2 protein chains.
Amino acid sequence: MPVQYPIRAVAKLTGITVDTLRAWERRYKAVIPDRVSRGRLYSDADVRRLLLLKTALECGHSIGRVASLPDAELQELARASFPSSPVLRTQPAARVDLTELSKLRRAIEALDSTTINDEFSRLALFLSPTELVHKVVLPLMRLAGENWENGIYQIAQEHLLSACVRNLMGGLVRLQSRSGGVARLLLATPPEELHEFGILSAAMLALEHGFQVDYLGPNLPAREILAAAALRSPDVVVLGVLKLNATPAVQRDVDLLASGLPASTELWLGGSGAADVANGAARTGVFVLEDLVQFELHLARWKSTHLQGADA
Amino acid sequence: MPVQYPIRAVAKLTGITVDTLRAWERRYKAVIPDRVSRGRLYSDADVRRLLLLKTALECGHSIGRVASLPDAELQELARASFPSSPVLRTQPAARVDLTELSKLRRAIEALDSTTINDEFSRLALFLSPTELVHKVVLPLMRLAGENWENGIYQIAQEHLLSACVRNLMGGLVRLQSRSGGVARLLLATPPEELHEFGILSAAMLALEHGFQVDYLGPNLPAREILAAAALRSPDVVVLGVLKLNATPAVQRDVDLLASGLPASTELWLGGSGAADVANGAARTGVFVLEDLVQFELHLARWKSTHLQGADA
DNA sequence: TTCAGCTTTTGTCCTTGACAAAAATAGATC
DNA sequence: GATCTATTTTTGTCAAGGACAAAAGCTGAA
């Protein structure tokens with residue numbers, strides 16, 4: 001059941017004027033939407049193609065040249081982000097250029113949310129979700145984390161980047177939700193945690209490994225997390241605990257979770273402060289994962305032990 | 001020297017489609033812009049009149065009835081129906097929205113972010129930004145706000161809904177970013193504020209009115225906001241101050257902003273606690289806007305007085 | 001009153017033609 | 001060969017008027 005969009009919706013979706021959409025069709029037959037008695041109906045594939053065409057234009061090509069190219073070539077073209085002449089294209093562009101990241105970095109520093117979102121969606125056009133996570137999002141977040149520690153970034157930058165990444169996450173969630181999902185994870189941090197990056201990165205990684213993710217965000221008291229767990233009945237609750245010296249309040253929150261969650265639900269504690277608070281929580285199914293590498297390993301292990309069949 | 005706008009700029013400025021603008025002129029001669037060799041040129045007065053017509057429509061009048069009224073009567077008409085909570089007016093509205101909203105409400109209660117995002121983006125295709133804001137986002141937020149006070153909703157629900165609305169905003173930002181926008185707004189709340197809803201709604205409304213919006217999110221100390229303002233050099237800084245009894249800390253933050261911002265930057269304080277903290281801030285360009293209705297009015301006023309800049 | 005049917009209103013989409021700003025090309029001069 | 005100007009092509013945007021369907025308004029009957 002192919003979803004179809006009327007022209008105005010496509011204009012919204014792609015940011016291309018209705019005038020231009022019609023002109024492209026009339027002159028170059030860039031896309032040929034279905035027609036009903038009154039009006040055009042664009043398919044998902046049409047919209048994707050239009051987005052590709054748009055990025056090609058942004059790379060300096062002219063519509064007349066690229067309008068009739070097949071989709072595959074357009075995709076390739078989008079990879080070559082630089083407006084160099086198509087002939088001189090020397091890079092197979094298998095990986096993301098450093099300049100891409102520096103462009104994003106500058107946008108973050110300048111609090112320029114428009115550019116960040118634009119770049120993200122551009123990259124999402126030709127990177128697989130896996131690549132997107134590993135080559136763009138995680139490096140950026142690591143970088144941001146470091147800069148934060150060095151006092152270069154400020155809260156505003158963290159908020160902004162987090163918001164944009166969550167944006168992206170929304171897209172990934174939609175892709176993932178089709179294939180059933182390996183298992184359901186619920187992620188949050190208790191109050192008093194300074195950063196959202198860690199738990200957000202974890203959420204991205206889990207998504208990318210095919211898990212269903214409920215990302216509740218930072219700053220949630222244990223009572224709330226328990227209530228959410230009751231609603232969503234996840235297989236695992238992941239708690240980000242970054243602080244090294246846990247306050248009694250945080251300790252109590254962790255204990256509350258450990259004892260309040262049903263026995264069938266595992267509790268994973270992530271972050272450098274995780275080991276400290278885990279000691280108090282005597283309970284099976286509690287795991288300490290000090291960094292994202294351990295977290296990812298654990299995800300893989302979980303998959304292999306809890307799944308017999310292969311997944312997509 | 002009368003600045004004049006081409007039709008597309010007017011469409012962006014007023015939120016009225018180019019088709020509709022032409023139809024109104026053709027059928028009712030609602031406004032008669034100047035003509036040059038090619039295309040219409042609307043004056044500031046024309047734009048103001050169109051804005052008045054639009055508010056008249058939003059008050060339930062039909063275009064055929066009001067199109068030929070003189071400006072003064074339109075103004076009267078808008079004033080007459082505005083003070084009685086124009087947006088919140090329990091309209092006959094659409095019955096469809098009720099089922100839509102209840103579906104969304106269930107999704108929020110169940111913390112089902114996938115469904116929320118899907119519904120939002122689906123609605124965004126068929127509703128104009130105006131409708132989206134007034135008929136979906138604001139009612140939901142109001143509902144959520146109430147339920148929060150009654151203890152039905154919890155922090156998790158607020159976080160989730162805020163995140164999804166921000167997602168939506170991201171989409172609007174991209175659409176709006178094209179033609180420079182009317183003016184640049186920077187929105188945030190100081191620390192200790194409980195809710196993000198108010199300032200988030202304000203951001204949506206501003207976007208919908210064609211302003212460029214930098215949404216920094218909740219919980220930002222004045223120092224950060226000042227730093228961000230230095231980076232983005234906005235025309236207006238909007239600060240959400242919901243709490244009724246301002247703590248000294250909040251008061252100090254507001255004072256810091258009032259004195260730290262350049263003279264050319266206005267400071268708008270929104271929320272029920274705004275009046276309290278504004279007293280201390282002796283400075284021109286400080287405005288107190290107690291609710292979203294006032295905020296929207298102020299936006300419209302700002303547009304009609306400051307409309308003179310060039311556009312792309 | 002309420003409700004089914006009819007009429008008017010009104011927003012949106014269509015097509016074709018046109019124009020101007022920008023880009024590309026060609027030609028001329030140093 | 002390089003630089004500059006003039007001409008052609010490309011391409012986004014606007015216009016006019018016709019058309020249609022969903023919504024709103026209106027009618028008369030139950």
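Naming convention: chains lettered A, B, ... in sequence-line order (proteins, then strands); numbering from 1 in each chain. What you see is a predicted model, and the numbers here were worked out from it, not measured in a lab.
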### DNA chain D-proximal residues of residues 23-31 of chain A, any heavy atom under 4.0 Å
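Heavy-atom cutoff 4.0 Å gives A/Ala23, A/Trp24, A/Arg27, A/Tyr28.
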
### Task
Could you pick out which residue, A/Ile7 or B/Leu57, lies toward the 5' side of DNA chain C when each is mapped onto its nearest nucleotide?
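The residue mapped nearer the 5' terminus is B/Leu57.
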
Rounded to whole Å, please give me the gap between [atom1] in [X] and [atom2] in [N].
| X | N | atom1 | atom2 | result |
| --- | --- | --- | --- | --- |
| B/Asp19 | D/dG18 | CG | P | 16 Å |
| B/Arg8 | D/dA15 | CZ | C1' | 12 Å |
| B/Lys54 | C/dT10 | NZ | P | 18 Å |
| A/His61 | D/dT10 | NE2 | P | 17 Å |
| B/Tyr5 | D/dC14 | OH | P | 16 Å |
| A/Arg35 | C/dC13 | CZ | P | 12 Å |
| B/Ile63 | C/dT8 | CD1 | C1' | 15 Å |
| A/Gln4 | C/dC13 | CD | P | 15 Å |

## Note on the structure
With sugar-phosphate taken as primed atoms, P, OP1 and OP2 and all else as base, the protein-contact string of nucleotides 20-26 of chain C at under 4.0 Å (heavy atoms; B, S, -) is S------

#### Entry: Carboxylate-amine/guanidinium proximity below 4.0 Å for B/Asp235 and B/Arg184
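No salt bridge links B/Asp235 with B/Arg184.
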
Determine yes or no for a side-chain-to-main-chain donor-acceptor pair under 3.5 angstrom, with [X] supplying the side chain and [Y] the backbone.
| X | Y | answer |
| --- | --- | --- |
| B/Lys54 | B/Ile16 | no |
| A/Thr17 | A/Thr20 | no |
| B/Arg232 | B/Asp214 | no |
| B/Glu158 | B/Glu196 | yes |
| A/Asn167 | A/Cys164 | no |

### Message
Please find the pair of heavy atoms, one from B/Tyr28 and one from B/Gly64, that lie closest to each other, and give the distance.
### Response
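Closest approach of B/Tyr28 to B/Gly64: CE2-CA, 4.2 Å.
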
### Message
Quick check on C/dT15: is either OP1 or OP2 less than 4.0 Å from any side-chain nitrogen or oxygen of A/Arg22?
### Response
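For A/Arg22, the contact criterion (side-chain N or O under 4.0 Å from OP1 or OP2 of C/dT15) is not met.
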
### Query
Given C/dT12, is OP1 or OP2 found less than 4.0 Å from the side-chain N or O atoms of B/Thr17?
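Yes.
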
### Message
So if I apply the side-chain contact (heavy atoms from CB on, under 4.5 Å) rule between B/Tyr42 and each of B/Leu21, B/Asp34, B/Ile32, which one comes out positive?
### Response
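For B/Tyr42, the side-chain contact (heavy atoms from CB on, under 4.5 Å) test succeeds with only one of B/Leu21, B/Asp34, B/Ile32, which is B/Leu21.
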
### Task
Would you mind listing every salt bridge (Lys or Arg N to Asp or Glu O under 4.0 Å) that reaches into residues 14-27 of chain A, with sequence neighbours excluded?
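Qualifying pairs, neighbours excluded: A/Asp19-B/Arg8, A/Glu25-A/Arg35, A/Glu25-A/Arg40.
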
### Message
Given C/dT12, D/dA15, D/dT11, identify the nucleotide with an atom nearest to the side chain of B/Arg40.
### Response
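Selected nucleotide: D/dA15.
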
